[in-house]
Each structure stands twice: as structure tokens, then as C-alpha cells.
Asks: 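Quick one: structure below, then a few questions.
The sequence lines fix the lettering, A, B, ..., with proteins before strands; numbering per chain opens at 1.
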Amino acid sequence: MNTKERFSDTFFTRQLMRWNANFNFREMPWKGESDPYKIWLSEIILQQTQVAQGLSYYHKFIQTYPTVSHLNNADPNDVFKLWEGLGYYSRCKNLLFAANQIVTNFNCRFPDTYNDILSLKGIGPYTAAAIASFAFKLPYAVVDGNVIRVLSRYFAISTPYDTTEGKKIFQEKANELLDTKQPHLYNQAIMDFGATVCTPANPACIQCILSKHCASNLKNNVLDFPVKSKKILKRKRFFIFLIIENNKKQILVKKREQNDIWQNLHQFFEIENESLFLAENDTLFQTLKTQFPGLQFSDQLTVFDEQKQTLTHQTVYSKFITGVQLNDPEIASGYSWINIADLDKIAFPKTAQKAVKELIFIKKTP
DNA sequence: AAGGCGGGGGC
DNA sequence: GCCCCAGCCTT
């Protein structure tokens with residue numbers, strides 16, 4: 001083998017496929033699956049989500065909605081309830097939208113060309129390539145976080161991947177490297193390789209069968225790759241949620257429809273106010289009483305639960321307060337009453353789930 | 001082109 | 001604390 005061949009694309013691909021055949025012991029339920037519906041579900045669930053985190057959701061969804069028709073006929077609230085806790089809730093909304101696209105535009109049959117798959121809501125270049133290759137053996141190369149990491153290190157690509165130019169470069173490189181005769185095996189192989197060998201921190205370069213030809217490893221700067229251009233700014237949010245109860249064991253809630261976090265999930269009566277949040281309880285309760293004459297605050301006004309949640313772009317602080325009733329119905333416009341016993345049928349953000357659980361628990365214990 | 005979107009886990 | 005994860009949509 002001459003030098004040119006050793007450092008060629010075909011060398012990379014051949015070595016990777018060899019690793020896959022002999023040393024890839026990663027197991028996942030959808031591996032080798034050919035039902036495009038199941039592959040689609042697994043891919044949507046795993047967008048920006050680690051396998052371990054998405055696994056139980058995959059099983060729940062397959063069991064509850066075994067076909068695209070089941071999903072399309074479902075009550076959206078039930079689907080969101082099943083998605084509850086997984087995050088990135090627009091994925092769930094788009095899942096429902098796409099299920100309808102498949103039923104109405106494609107006569108209930110999952111589309112079998114790259115462009116038709118790409119036309120479905122919530123499916124971008126990565127997911128379209130994954131479904132096209134895994135379900136239909138079509139020659140499209142996936143580019144996900146794993147692929148970007150492996151390629152940027154092996155070829156020492158220093159173009160930031162989160163730019164238009166970077167995306168183009170990585171996609172083109174991935175296309176060149178693809179084993180077009182067995183794209184499903186190749187795509188699975190490179191992602192498994194990234195997830196188990198060429199990991200973000202502490203990559204296993206010592207045992208890596210590609211390390212002798214890996215440009216960044218040869219320069220001893222593996223951890224400088226991949227290169228990213230933007231830094232995420234984080235802002236703080238302070239929410240006070242009043243758990244307003246009537247004398248029929250009902251709680252005031254509404255679905256979050258605004259352009260904000262937790263769209264399509266539910267919330268209690270919301271007050272977003274930093275200084276109020278940070279105030280002492282006495283001051284907080286006193287201010288609430290004067291600012292909301294339409295509410296009636298009991299003597300046992302208490303902070304029921306307090307939470308801090310770290311999201312990608314925000315740090316969210318939440319207080320849940322009980323002991324509040326309604327004087328003036330006007331205050332509650334946009335909200336509606338729900339039986340406490342039914343609170344577990346609708347989806348809430350993770351940060352509210354402790355409060356929800358305790359509410360239901362209290363209701364059950366007289 | 002840039003910004004927003006959840007929650008969990010590794011270090 | 002910061003970074004990453006089988007990315008995508010909207011503006």
C-alpha cells in the first residue's frame with residue numbers, strides 16, 4: 001500500500017468498516033430495524049438526545065403507537081404527555097404534523113425517497129439521510145455530532161462546523177467517504193465509532209485503529225477538534241407560579257402557547273418577576289396581596305416548592321405557591337380549571353413535576 | 001446568518 | 001461550572 005492510498009478516503013472507509021465488523025459491540029433496539037416508522041421515531045427521539053435518555057421513550061412510543069396511523073389518530077395531549085420530560089417539545093409537535101403528512105400526502109405509506117422524507121416536518125438533512133439509508137439502503141451520508149467529531153479530528157478540519165461553510169464541508173466530506181454499496185452499515189458504523197471510540201472527552205486514541213492516520217492525533221491536538229464558532233449566552237428567568245384552587249378541588253392551568261420555552265406544555269398561574277422572586281417570603285406575600293386584589297390569599301400562604309433548572313440557553317428559577325383562591329374571574333382569563341386528579345393527564349415542564357406530584361398526592365390522602 | 005429550543009450526564 | 005448529545009425550525 002503506497003502513502004497516497006493509506007491516507008485516502010477509501011482507506012478511512014475500509015478501516016472503519018473493518019472496525020465495525022470486528023470491534024463494534026454497540027447494541028440498540030432499532031439497529032437492523034427496517035420499518036421506516038420505527039426508525040423515524042428513534043431518530044426524532046434521539047435528536048440532541050443521548051441514547052440512554054431516549055431509550056425508554058422509544059419503547060413507550062412504539063408500544064402506544066405501533067403505526068403511523070395510531071400516532072395520527074391520537075389525542076395530541078396524550079402524545080405530549082408521553083413526550084413529557086424528554087425536552088425539545090417542538091419535536092413532538094412536528095412528529096404529529098409529519099404523521100398527518102404521511103397519512104394525507106403519502107397515503108399512509110412512509111415516503112421512500114430522500115427528498116420526500118426531507119419534506120416531512122421535523123426532518124432535516126441528518127434525519128432524512130438516516131431514514132433513507134437505514135430503511136431503504138439509499139446512499140445518503142449522515143452528518144451528526146459524532147460524524148463531525150470523527151471527521152474533524154481525522155482530517156484536522158478546522159472550519160467551524162456551526163457555520164454555512166462548515167456544514168457544507170462536512171457534508172461533502174461525508175458524502176465522499178460513504179460506502180455507497182452498504183450505506184446503512186457505514187452510517188451506523190461511523191456514529192457508533194464516534195460514540196464509543198472517538199468520544200468528546202477522553203477519546204480512546206491508544207486503541208483506535210485509525211490513530212496512525214489521524215491528522216490531529218499525529219499533531220497531538222485531538223481535543224482541539226471539532227471547532228465551534230459561537231458561544232451560547234445564558235440568561236436567567238424567575239417564575240412565580242401560584243397554585244390557585246377553587247372549592248371543587250380544581251386548579252387553574254393553561255397551555256403555554258406563547259413563543260417561549262415549554263410550548264404546548266402546561267403551567268399554573270404565572271408571574272415572571274425577578275425582584276419579587278428574590279424577595280423574602282414576607283415581602284413576597286405582602287406584594288402579591290397588594291398587586292393582585294383579584295386574588296384571595298389565605299393565612300397559610302406557603303412556598304410549596306422551589307426549583308432551579310438549567311436549560312441550554314436559560315437558567316430557570318421557579319417558586320410554586322399554594323393557599324391562593326380566586327376573587328375576580330377576570331384575573332384568570334386564558335386559564336381554565338382542571339380537576340386535581342386529572343393533573344397527571346396533561347404534560348408539565350420537568351421543573352413543575354414535583355409540585356404536580358405532591359398536589360395529586362395530597363388530594364389522595366384525606 | 002443567528003437565535004431558540006430541554007433535560008441529562010461527563011468531567 | 002462548562003460542554004455535549006443520532007438537529008431542526010423560525011426569524
Asks: If only side-chain N and O atoms count, and only distance matters, is there a donor-acceptor pair under 3.5 Å linking Tyr317(A) with Glu306(A)?
Replies: no
Asks: Starting the side chain at C-beta, find the nucleotide from dA2(B), dA6(C), dC5(C) nearest to Asp192(A).
Replies: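 So the nucleotide nearest the side chain must be dA6(C).
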Asks: Each nucleotide in nucleotides 4-11 of chain B should get exactly one letter: B, S or -. Can you fill that in based on protein heavy atoms under 4.0 Å?
Replies: BBBBBS-S
Asks: Measure the acute angle between the ring planes of Phe239(A) and Trp262(A), then classify it against the limits of 30° and 60° as parallel, tilted or perpendicular.
Replies: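 The arrangement is tilted - the two ring planes meet at 30° to 60°.
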Asks: Without hydrogens or angle criteria, can the side chains of Asp282(A) and Gln286(A) be said to hold a donor-acceptor pair below 3.5 Å?
Replies: no
Asks: What is the pairing partner of dG6(B), taking Watson-Crick or G-U wobble pairs with both distances under 3.5 Å in any strand?
Replies: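 WC or wobble partner does not exist here.
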Asks: Within residues 109-130 of chain A, find the residues that approach DNA chain C with a heavy atom at under 4.0 Å, and present them sorted by residue number.
Replies: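 Contacting residues: Lys121(A), Gly122(A), Ile123(A), Gly124(A), Pro125(A), Tyr126(A), Thr127(A).
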Asks: May I have the distance from Lys230(A) (atom NZ) to dG7(C) (atom C1'), rounded to whole angstrom?
Replies: 14 Å
Asks: Quick one: Trp40(A) CH2 to dG7(C) P, roughly how many Å, whole number?
Replies: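 Going from Trp40(A) (CH2) to dG7(C) (P), I get 17 Å.
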Asks: Using a cut-off of 6.0 Å, state whether more than 12 heavy atoms not belonging to Glu257(A) lie near its atom CD.
Replies: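 It does: Glu257(A) CD has more than 12 such atoms within range.
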Asks: Describe, in one word, how the ring planes of Tyr140(A) and Tyr114(A) are oriented to each other, choosing from parallel (under 30°), tilted (30 to 60°) and perpendicular (over 60°).
Replies: parallel
Asks: Side-chain N or O of Lys231(A) less than 4.0 angstrom from OP1 or OP2 on dC2(C)?
Replies: no
Asks: Quick one: Ile45(A) CD1 to dC8(C) P, roughly how many Å, whole number?
Replies: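 Roughly 15 Å, once rounded to whole Å.
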Asks: Would you say the side-chain atoms of Thr199(A) pair up with the backbone N or O of Ala201(A), donor to acceptor, closer than 3.5 Å?
Replies: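 Yes; at least one donor-acceptor contact below 3.5 Å.
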Asks: Taking NZ from Lys167(A) and P from dC8(C), how many angstroms apart are they, rounded to a whole number?
Replies: 10 Å
Asks: How many whole angstroms separate atom NZ of Lys93(A) from atom C1' of dC9(C)?
Replies: 9 Å
Asks: State which of dC9(C), dG7(C), dC5(C) makes the closest approach to the side chain of Asn94(A).
Replies: dC9(C)
Asks: Will you find, in the side chains of Tyr335(A) and Gln267(A), an N or O donor that is under 3.5 Å from an N or O acceptor?
Replies: yes
Asks: Report the distance from atom NZ of Lys31(A) to atom P of dA6(C), rounded to the nearest whole Å.
Replies: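 Value for this atom pair: 13 Å.
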Asks: Between Gly145(A) and Lys228(A), which is nearer to the 5' end of DNA chain C once each is assigned its nearest nucleotide?
Replies: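 First, find each residue's nearest nucleotide; the 5'-ward one identifies Lys228(A).
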Asks: Side chains of Gln101(A) and Asn105(A): is there a donor and an acceptor less than 3.5 Å apart?
Replies: no
Asks: Quantified in whole Å, what is the P atom distance between nucleotide dG8(B) and nucleotide dC9(C)?
Replies: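 Those two atoms are separated by 24 Å.
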Asks: Using a heavy-atom cut-off of 4.0 Å across all strands, would you classify Trp83(A) as base, sugar-phosphate, or nothing?
Replies: nothing
Asks: Does the side chain of Thr283(A) come under 3.5 Å of the side chain of Asn281(A) through a donor N or O and an acceptor N or O?
Replies: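 Not at all, the side chains of Thr283(A) and Asn281(A) share no donor-acceptor pair under 3.5 Å.
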Asks: Could you measure between the two C1' atoms, the one in dC8(C) and the one in dG9(B), and give it in whole Å?
Replies: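 Between the two C1' atoms, the distance is 23 Å.
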Asks: Take the protein atom CD1 of Ile148(A) and the nucleotide atom P of dC5(C), then report the distance between them rounded to whole Å.
Replies: 8 Å
Asks: Measuring only the P atom in each nucleotide, how far is dG10(B) from dA6(C)? A whole number of Å is fine.
Replies: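 Straight-line distance between the two P atoms is 13 Å.
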Asks: Does the side chain of Asp162(A) come under 3.5 Å of the side chain of Ser229(A) through a donor N or O and an acceptor N or O?
Replies: yes
Asks: Would you kindly give the CZ-to-P distance between Phe134(A) and dA6(C), to the nearest whole Å?
Replies: 12 Å
